Participant: 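Take this structure, written in structure tokens, and hold onto it; I'll ask about it next.
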Amino acid sequence: MTESLFLNLGLLLVTGLLLSLVAARFNLPRIALYALAGLVWSQDLLGGVFDLQLGNWSVVLTDTALALIAYLIGGSVTARQLKRLGNTIVFCTVGEVLGAATLVFLGVWLFLSGKAGALLVAAALAVLAASTAPAATVAVIHEYRSRGPLTTSLLGVVALDDAVGIILFSLLLAITTGTSITGAMSMAAVEIGGALMLGMVMGWALAFFGHRVRNPHFFLPMVLSAILLSQGLAEIWHCSALLTAMTLGFVARATFKSGGERLLAPVEYLEELVFLVFFTLAGAHFDLDVLLSGVELVFIYVVARVLGKMAGTNLAARFIAAPESVRKYIGLGVVPQAGIAIGLALSLVNHPVFADSGLLIVNVILASTLIYELLGPFATRYALLKAGEISGEQRYE
Amino acid sequence: MSEQIIESSVADWLRQHPAELVSISAETALIDIVKTLLEHDSRDAYVVENNQVKGHLSFNKLLNHLFSHDRPVHSHRQLFARVAAATAGELMDPHFAYCREDEKINQILHRQLQCDVCDLVVLAADNAPVGVIKLTEVVRESLR
């Protein structure tokens with residue numbers, strides 16, 4: 001059995017990068033090829049042949065990568081920008097997240113009712129349904145040079161819902177840690193409250209030292225150090241690591257005030273590497289037997305998530321009297337799902353509470369992401385077209 | 001570069017090559033800043049309040065925001081900046097590079113190149129801006 005971190009990771013990354021060249025050559029979705037690269041090294045294929053095992057290192061790697069993404073998402077917006085986003089974006093985000101989470105939860109729970117761990121799987125898939133894939137949406141908007149109220153709302157919603165998704169996921173983990181309802185609630189309060197406090201202190205400290213650094217080359221090591229230290233402290237103090245990282249990013253940017261992007265831009269260069277790790281690792285966790293046992297679950301998840309997002313955004317848009325184009329079509333525009341959902345699902349694989357269902361959840365999310373990756377851009381394009389915000393001649397060549 | 005240029009002080013240089021800085025307020029619209037920079041054939045604008053420089057905005061940074069719809073890939077930060085249109089005050093870098101009148105030109109060239117600033121603001125003892133050192137002028141003079 002080979003459980004070498006460097007060999008496993010090297011094989012995954014190199015295969016992923018090689019296949020991404022194929023994706024670029026034939027205009028295929030890049031992340032699907034990343035997942036395929038991981039799948040090549042799964043236990044059902046070459047991983048089994050060469051007896052390569054994904055050891056505990058994959059947990060550390062996933063958690064670190066998730067912390068980087070949470071930091072970037074937390075720091076991506078300022079309080080002033082949040083105020084300027086407007087009711088349409090905020091309400092539609094809440095609507096699509098609640099709609100998708102509710103329908104996915106009900107669909108999965110009813111389907112699995114009577115089976116062990118049904119509630120846990122339903123709750124996990126429900127919170128994973130919240131996030132979307134901004135990259136796919138932005139790519140369609142750019143390709144067709146779309147402009148208008150739906151385009152603007154769509155950009156705001158896909159940016160905001162990843163943050164909501166991470167918050168919901170952190171709450172889920174915090175609640176499932178306790179052994180009784182009251183125990184779970186008090187544990188959750190400590191985990192969430194502690195994460196907010198720790199993130200605020202670390203964020204303030206990062207901005208304080210950031211103000212004193214003039215050499216731009218110091219920003220990346222400084223930010224990485226702050227993230228790693230905060231993750232370590234969150235671990236030993238039993239705080240939510242994801243919420244800590246997100247609060248760290250938000251408070252650091254807010255305290256730094258103008259020019260705060262210098263605390264984020266260096267880390268943004270690592271984003272592609274993070275997604276390469278997420279998708280190849282998810283692919284390596286592919287298990288045909290597990291997927292076949294949950295193939296109906298994939299179908300229920302895909303359909304319930306789309307219906308939930310459409311219904312949720314429609315109700316929210318009606319509530320605030322948003323323009324008709326937004327009300328009718330924004331739900332279709334937020335169908336894509338990618339990196340955040342995969343990363344969050346991966347972090348469940350070695351979580352003690354999800355010991356029996358973690359692998360099933362990863363396989364359901366991986367399969368559904370590939371479906372969304374194929375259908376999502378068409379849905380977004382259809383929505384923009386019906387809203388009258390693109391025309392055939394506007395396409396970039 | 002000639003010894004004469006290298007050894008001349010910033011104050012001497014400003015007397016021989018007077019150049020005004022492009023000053024804007026924190027509330028100026030991004031498109032208006034770009035227009036002003038084009039009018040002055042400059043690539044660096046400075047946010048000035050009460051005769052004190054508060055921050056720096058480069059031409060490239062402004063274009064990055066104004067033409068964000070032409071960028072096929074966005075980070076979350078760029079998405080929010082695109083949707084919630086930013087002001088000069090939010091975009092400016094408060095940690096801008098500057099020089100003093102008593103410094104030598106050779107002391108500031110590296111700073112100008114490292115920070116990618118074409119028009120480096122010169123601050124007086126009371127931190128009031130007194131002009132800019134144009135990198136293009138320094139190069140033009142040195143090539144003569």
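All values derive from a computational prediction rather than experimental measurement. Letters A, B, ... mirror the listed sequences (proteins, then strands); counts begin at 1.
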Participant: As an exercise: rank B:Ala97, B:Gly55, B:Pro94 by heavy-atom pairs under 4.5 Å with chain A and give me the winner.
Facilitator: B:Pro94
Participant: Report yes or no: does A:His142 contribute a side-chain atom to a donor-acceptor pair with the main-chain N or O of B:Asp70 at less than 3.5 Å?
Facilitator: yes
Participant: Side-chain contact test, heavy atoms from C-beta onward, threshold under 4.5 Å: evaluate it for B:Lys61 versus A:Glu261 and give yes or no.
Facilitator: yes
Participant: Does A:Arg212 have more than 12 heavy atoms from other residues, nucleotides or ligands lying within 6.0 Å of its CZ?
Facilitator: yes
Participant: Would you call B:Glu90-A:Arg80 a salt bridge at under 4.0 Å N-O?
Facilitator: yes
Participant: Would you find more than 12 non-hydrogen atoms of other residues, nucleotides or ligands less than 6.0 Å from B:Phe96 atom CZ?
Facilitator: yes
Participant: For B:Asn60, does the CG atom sit with more than 12 other heavy atoms under 6.0 Å from it, leaving out its own atoms?
Facilitator: yes
Participant: Can you list everything that forms a side-chain hydrogen bond (donor to acceptor under 3.5 Å, both in side chains) with B:His110? Sequence neighbours excluded, please.
Facilitator: none
Participant: Do any of residues 156-164 of chain A come closer than 4.5 Å to chain B, heavy atom to heavy atom, and if so which ones, in number order?
Facilitator: A:Gly156, A:Val158, A:Ala159, A:Leu160, A:Asp162
Participant: Find out whether A:Pro134 and B:His76 are in side-chain contact, i.e. whether some heavy atom of one side chain is under 4.5 Å from a heavy atom of the other.
Facilitator: yes
Participant: Under a 4.5 Å heavy-atom cut-off, does chain A meet the side chain of B:Ala26, its backbone, both or neither?
Facilitator: neither
Participant: Given a strict heavy-atom distance threshold of 4.5 Å, which part of B:Arg82 is in contact with chain A: side chain, backbone, both, or neither?
Facilitator: side chain
Participant: For atom CD of B:Glu20, decide whether the heavy atoms of other residues, nucleotides or ligands shown that lie under 6.0 angstrom number more than 12.
Facilitator: no
Participant: Using a 4.5 Å cut-off on heavy atoms from C-beta on, say whether the side chain of B:Arg77 contacts that of A:Arg253.
Facilitator: yes
Participant: When you look at CG of B:Asn127, are more than 12 heavy atoms from neighbouring residues, nucleotides or ligands closer to it than 6.0 Å?
Facilitator: yes
Participant: For A:Phe256, enumerate each residue passing the ring pair (Phe, Tyr, Trp, His ring centres under 6.0 Å) test, keeping only those at least two apart in sequence or located in another chain.
Facilitator: A:His211, B:His95
Participant: Can you measure from CD (A:Glu268) to CD (B:Gln78) and round to the nearest 0.5 angstrom?
Facilitator: 5.5 Å
Participant: Hey, which residues of residues 66-77 of chain A are touching chain B, say heavy atoms under 4.5 Å apart?
Facilitator: A:Ile73, A:Ser76, A:Val77
